[in-house]
Amino acid sequence: MKRIICFFIALFLLAFPLCTSAYETAKIYPYDVTIEKCWFTSAGAEYKSDGSAKALLLMEYSTGKILFSENETEHLPIASVTKVISTLLVVEAIDSGKITLEDSVTVSEYAASMGGSQVFLEAGEEMSVNDLLKSLVVVSANDATVALGEYICGSEAAFVELMNERARELGCVNSNFVNTNGLPAENHYSCALDVAIITRELMKHKMIFNYTGIWMDTIRNGAFGLANTNKLIRFYKGATGMKTGFTGEAKYCLSGTAERNGMQLIAVVLGAETSEKRFAAAKGMLDYGFASYSVIAPDSPHLEPIRVNRGVKSDSPLYAEEISILAEKGASEKIETKIFIEDSLDAPFEKDTCAGYISYLLGGEEIARANVYTAESVSEVSYFSLLGEFMSSLFFKE
C-alpha cells in the first residue's frame, strides 16, 4: 500500500512540478518533504571540514565560546540568513512594546513587489504581525520581511539603517546590510562570526522559538500553507532554528541552532556547494559539539558576610553571580574553586557592589570567573546615627 501511495505522489509531483528560482522559495504544502528521506549520517566526537563551504563556525550559546571555525571573518554574501538580524529587530520591537503580535499591517506596493521567497502578499492586503513574522521565519518570505521593516521604521531604508546600527552595537565589524532580506545587492555582506553573534542575541528572546520550531503551518485562515526551509527542524534531534538562505551568488547558507541536555549550540554554514552539504556540515558541527562538550552551572560556595568599616552595620551578606562553564565532557569533577574576596569594604556602598570573585580552574588554568557582590546597601556611620543608637539603648532597653 505504501509503495502504491508513493507511486501516485511521484506521478503528481511530475505532473505538477514546483516552481524554482535562484532563491529558496516558499512552498505550499503538501509538497515533496512528505516523501523526503532522512539524509543525515552518524558522526562522532570529531569534526573536520571537507572544504565544501566557504566559511564555518560553531558557537556555544551561554558562553559565546567558539568551538570550531573556518574563515569565520571572511566577508561573504549570506542570502536570506540576513533575516536573522531583521528578525532580531522585529522581536525587539515586540518585546519593547513598540508593536504587538496582534497589530494589523497594511502591505505596501513595494513590499508586495519583492521577488524570491515570498507568501505573495498583495498591495493593500492586511496581515497581522504574528502571521508576517511566521512567514518571515518559516518560509523566509522577502515580502513579509519588508512589510515588517516598513511597519516598524516607516521605510525599508530606515529599517536597514537600524540593522546596521544594531550590528555595530553587537560588535559585528564584518557586516554591512543594504536590504532587509539578503537579495543580491552590491556591498551587502556579513561573515560566519557575525551571523553567530546576531543569532545568539536573537536566541535571548525566547518567543522566537515559537516560530523557528514550526515545521508546517498556515496563514490567511488556513488558506496558505507554510513548510520550513530548515530541514534540521524535522531531521535533527534538538533542532530549534534558525535561518536558511540561498542565492546563486551566496550559494547555500544556514544559521542552525539546537539544544540537548541544557546546552545550546549555533552552527553557521556559508557558501556551501549544495543544500545537502550545507545541512550535513551543520549537523557534523552540532554532533561534534554535543559529543565533546557540556555546560556546567556550578553551585556557589558558601560565602561569609564581609566586614564593613565605618558602616551602620558591621557586615554585609554576599552573593555570587550565576555563570555557565563550558568544558569538555568528563572535566566537571576536575574543576577547582578558589575564592578571592576583599577583607572588608568601606561604607557607604550600594547593593550589588563588587567585593571579589570566584575563580574556577581546570588543570591550574582559570576557565571561568563569577563576580561576588554585596546583597544590600550599607550607609556610613554618622554623628546622628551614633546618637540614635545611643538614645535607643537608653530608652528601649529590654
Side-chain angles (χ1 to χ4, degrees), residues 18 20-29 31-33 36 38-40 52-58 76-88 90 114-119 133-145 177 179-184 188-192 194-196 198-199 202-203 208-209 211-217 226-236 238-258 265-286:
L18 295 168
T20 59
S21 71
Y23 316 104
E24 289 191 326
T25 56
K27 298 184 176 70
I28 304 173
Y29 68 68
Y31 74 120
D32 58 337
V33 297
E36 186 170 7
C38 179
W39 29 256
F40 289 141
S52 62
K54 293 180 180 178
L56 301 167
L57 186 134
L58 179 67
L76 295 168
I78 61 171
S80 283
V81 174
T82 298
K83 296 187 180 82
V84 172
I85 192 163
S86 302
T87 306
L88 173 62
V90 174
M114 292 296 105
S117 180
Q118 57 184 303
V119 288
L133 181 57
K134 187 190 301 183
S135 302
L136 187 171
V137 173
V138 177
V139 295
S140 195
N142 296 323
D143 46 4
T145 308
F177 304 109
N179 56 46
T180 63
N181 43 48
L183 290 171
H188 185 102
Y189 61 84
S190 188
C191 69
D194 286 2
V195 169
I198 297 166
T199 301
L202 177 58
M203 292 169 69
I208 195 58
F209 295 112
Y211 298 88
T212 58
I214 292 172
W215 177 239
M216 301 182 99
D217 207 329
L226 308 173
N228 205 319
T229 58
N230 183 2
K231 302 300 189 291
L232 290 177
I233 296 299
R234 182 175 175 86
F235 294 119
Y236 191 79
T240 57
M242 187 63 63
K243 193 71 207 70
T244 62
F246 171 79
T247 65
E249 178 188 22
K251 302 303 181 184
Y252 294 90
C253 303
L254 171 71
S255 176
T257 61
L265 298 178
I266 303 164
V268 178
V269 181
L270 300 181
E273 296 172 356
T274 66
S275 181
E276 289 77 11
K277 289 183 177 181
R278 162 182 59 182
F279 289 116
K283 191 259 186 185
M285 286 191 289
L286 291 171

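Each residue takes its place number in the sequence, starting with 1.
- Here the side chains of Leu265 and Met285 are not in contact, with every heavy-atom distance at 4.5 Å or above.
- With rounding to the nearest 0.5 angstrom, the CZ atom of Phe209 is 5.5 Å from the OG1 atom of Thr257.
- Between Tyr236 and Lys231, every side-chain heavy-atom pair lies at or beyond the 4.5 Å cut-off.
- Interatomic distance, Asp194 CG to Leu270 CG, rounded to the nearest 0.5 Å: 10.0 Å.
- Counting all heavy atoms, side chain and backbone alike, Ile208 lies closest to Leu202 at CG2-O, 3.8 Å.
- Separation of atoms CG (Asn142) and CG (Leu136) is listed at 9.0 Å; rounding is to 0.5 Å.
- Residues Lys83 and Ser80 bring a donor and an acceptor atom of their side chains to less than 3.5 Å of each other.
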### Task
Report the C-alpha distance between Val81 and Val268 in whole Å, list the side-chain angles of each, state the deciding distance to 0.1 Å, and finish with yes or no for side-chain contact (heavy atoms from CB on, under 4.5 Å).
CA-CA 10 Å; Val81 174; Val268 178; 5.9 Å; no
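- The shortest non-hydrogen separation linking Ile266 to Ser255 is CG2-OG, 4.2 Å.
- Contact detail for Glu249 and Pro184: the closest heavy-atom pair is OE1-CB, 4.0 Å.
- Of all the heavy atoms in Val84 and Lys243, the pair that sits closest is CG2-CB, 3.6 Å.
- Counting heavy atoms from C-beta outward, Met242 and Thr87 have side chains that stay 4.5 Å or more apart.
- Put simply, the side chain of Asp143 reaches to within 4.5 Å of the side chain of Val119, judged on heavy atoms.
- How far CG of Leu88 is from CD1 of Ile198: 7.5 Å, rounded to the nearest 0.5 Å.
- Panel note: side chain Ser86, backbone Thr180; a donor-acceptor pair is recorded below 3.5 Å.
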### Query
side chain to side chain donor-acceptor pair (under 3.5 Å) between Ser117 and Ser140: does it pass, once the steps are laid out?
CA-CA 6 Å; Ser117 180; Ser140 195; 4.8 Å; no
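- Sequence neighbours left out, the pairs with a member in residues 266-275 that pass salt bridge (charged side-chain N to carboxylate O under 4.0 Å, His left out) are Glu273-Lys277.
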### Task
Could you walk me through whether Thr82 and Asn181 pass the side-chain contact (heavy atoms from CB on, under 4.5 Å) test, one step at a time?
CA-CA 6 Å; Thr82 298; Asn181 43 48; over 6 Å; no
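- At a threshold of 4.5 Å between non-hydrogen side-chain atoms, the residues Phe279 and Thr244 count as touching.
- In this structure, the side chains of Leu226 and Ile214 stay at 4.5 Å or more apart for every pair of heavy atoms.
- Here the closest heavy-atom approach between residue Ala282 and residue Ala267 is recorded as O-CB, 4.0 Å.
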### Task
Take His188 and Asn179 through the side-chain contact (heavy atoms from CB on, under 4.5 Å) test and state the conclusion after the steps.
CA-CA 8 Å; His188 185 102; Asn179 56 46; 3.3 Å; yes
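- For the atom pair OG1 of Thr247 and NZ of Lys251, the computed distance is 8.5 Å after rounding to the nearest 0.5 Å.
- Closest approach of Ile78 and Ser190 over heavy atoms only: CD1-CB, 3.6 Å.
- Arg278 contributes a side-chain N or O that, together with a main-chain N or O of Gly245, makes up a donor-acceptor pair within less than 3.5 Å.
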